[in-house]
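Below: one structure, written as structure tokens.
Just so we're clear, the structure is a prediction, and the values are computed from it rather than from any experiment.
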Number of protein chains: 2
Amino acid sequence: MTDSRSRCGECPTRRFCLARDLDASGLDRLSALLAPPIQLSRGDYLYRFGDRTSALHLVRSGAFKTLTVTADGEEHVTGFHFPGEIFGLTGFTTGVHEDTAMALDTSSVCRVHVDELPGLWGAGCDVAFLRLLGEKESAATRLRILLSEPRAASRLAVFLLQLAERQRRLGRTTDVLYLPVSRTDLANHLGMTLEALSRVISRLSRAGLLAMERMEVRVLRQAELETLAGSR
Amino acid sequence: MTDSRSRCGECPTRRFCLARDLDASGLDRLSALLAPPIQLSRGDYLYRFGDRTSALHLVRSGAFKTLTVTADGEEHVTGFHFPGEIFGLTGFTTGVHEDTAMALDTSSVCRVHVDELPGLWGAGCDVAFLRLLGEKESAATRLRILLSEPRAASRLAVFLLQLAERQRRLGRTTDVLYLPVSRTDLANHLGMTLEALSRVISRLSRAGLLAMERMEVRVLRQAELETLAGSR
DNA sequence: ACACCGATTTGATCGCGATCAAATCGGTAT
DNA sequence: ATACCGATTTGATCGCGATCAAATCGGTGT
């Protein structure tokens, strides 16, 4: 009897993750290769910079952040990761993680050990990997466009709209966005100071466009946010 | 007799591209699957936004730029691509290119048609694809860090140092960097106006840190550039 | 050599966000 | 309730880069 927690067929987010494109046989194969999911609490490290890259990670529930530290000691929050998303691939080039991953909330991740990955080749799984390549590249492009916005308000607007889009793909409502992220981390990720972010949030809240709390964001006037996102 | 131009064994950049990790049998397999390289002149489009994604592209010589156009009509130069580098993967998710690729100079690209890609699975090639995933993610991280620099001079410095690193991997000298890119495109890619870029270049040139011409950049004082790159 | 046109540089002004500083909020332990 | 500490907000100043404008450079064709 297979451990029920490692079986994709019963996973609530299986239709949105790596397994999305797999047929029944591919799903069985993936299920067999998956290591039991890891449970983490807020603030727990999943892996740290310099750890050996032992597996591919796939968010099952909760949320993670990844960050890198540059040579001069600056910390950069490279991304936030939600259910169905794969992260931490930087380590595949060198075999050692080039970033650090931390749980932002009570979370769990599925893993495929690198030694098992070749077992996924062929039969639908290859398609999944090509999609993964394309999606990672697309995500990088979107982030590039976001960071090119000169206005802080535009950057926040673009980020929130992209976040809403991600939640939409998960089949969740988009009026309340799940975002268990500190101001410091969010500002860092958006390429601005936390003071600048705080001011933007205050301004947009006062204007009634949105409402941000510790864990949740409410988009109150999507159309106006879209205008902000597009306006230079 | 195989068309000599499609055979990786004779390609001057084979040790730096997808084929890098392949053994002899993998190399033969790749060679057999490669479509004959395409030759392009400066300004030629390799593919455009909306074209069907028919192949994976690999720079053999010259240089390319990729760009996307956002909903509001803004153009974003998402990257410059040099020999040995693979680009245009965004199309693998939807089957349609989400960006446009143009030759910046007399160039040639190798291609693997998407229908042929599954023929690459297994035996060393899978490792190459995992590396590709990791490298793409790492490149995205580096770009993210670059664009987070608030100072225009820092962004340019980081870009040039990364460019030098890329050339170093190709076994070229790093005192003269090949960069057949207009000010407009470079400024766009670096997230600043061309006036700002022009001023920064003038300032750093006057200070004797570098010399930039249409096609070439000379890094005259690498140490000082590195200081600039690191300084906030 | 000349006119012409795009690319690049230089000039001047202004607004936004970085920076330094201080106040306020929120949660926790005592 | 109080003290305490990190997170967040608010305040004030200043510098850099966006913006608008104009000059100059460079290459092409005549």
Legend entry - Residue that, paired with A:His97, satisfies ring-ring contact (aromatic ring centres under 6.0 Å, His included) out of A:Phe92, A:Tyr45, A:Tyr47: A:Tyr47
Presence of [X] side-chain N/O under 4.0 Å of [N] phosphate oxygens OP1/OP2:
X        : N      : value
B:Ser182 : C:dA7  : no
A:Arg183 : D:dT9  : yes
B:Thr193 : D:dA18 : yes

Inset, instruction - Would you name the heavy atoms of A:Leu160 and A:Leu177 that are closest together and state the gap between them? - result: O-CD1, 3.7 Å
Legend entry - Backbone of B:His57 reached by a side-chain donor or acceptor of B:Arg111 within 3.5 Å: no
Inset, instruction - Identify which nucleotide among D:dC16, D:dA18, C:dT8 has an atom closest to any side-chain atom of A:Pro150, counting heavy atoms from C-beta outward. - result: D:dA18
Inset, instruction - For the side chain of A:Thr184, starting at C-beta, report the closest nucleotide among D:dT8, C:dT19, C:dT8. - result: D:dT8
Legend entry - Residues within residues 196-206 of chain B bordering DNA chain C, heavy-atom distance below 4.0 Å: B:Ser198, B:Arg199, B:Ser202
Inset, instruction - Taking atom CZ of B:Arg168 as the centre, report whether more than 12 heavy atoms of other residues, nucleotides or ligands fall under 6.0 Å from it. - result: yes
Inset, instruction - Scan residues 201-211 of chain B for pairs that pass side-chain hydrogen bond (donor to acceptor under 3.5 Å, both in side chains), counting only residues two or more places apart or in two chains. - result: none
Inset, instruction - Verify whether the ring centers belonging to A:Phe64 and A:Phe87 lie closer than 6.0 Å. - result: yes
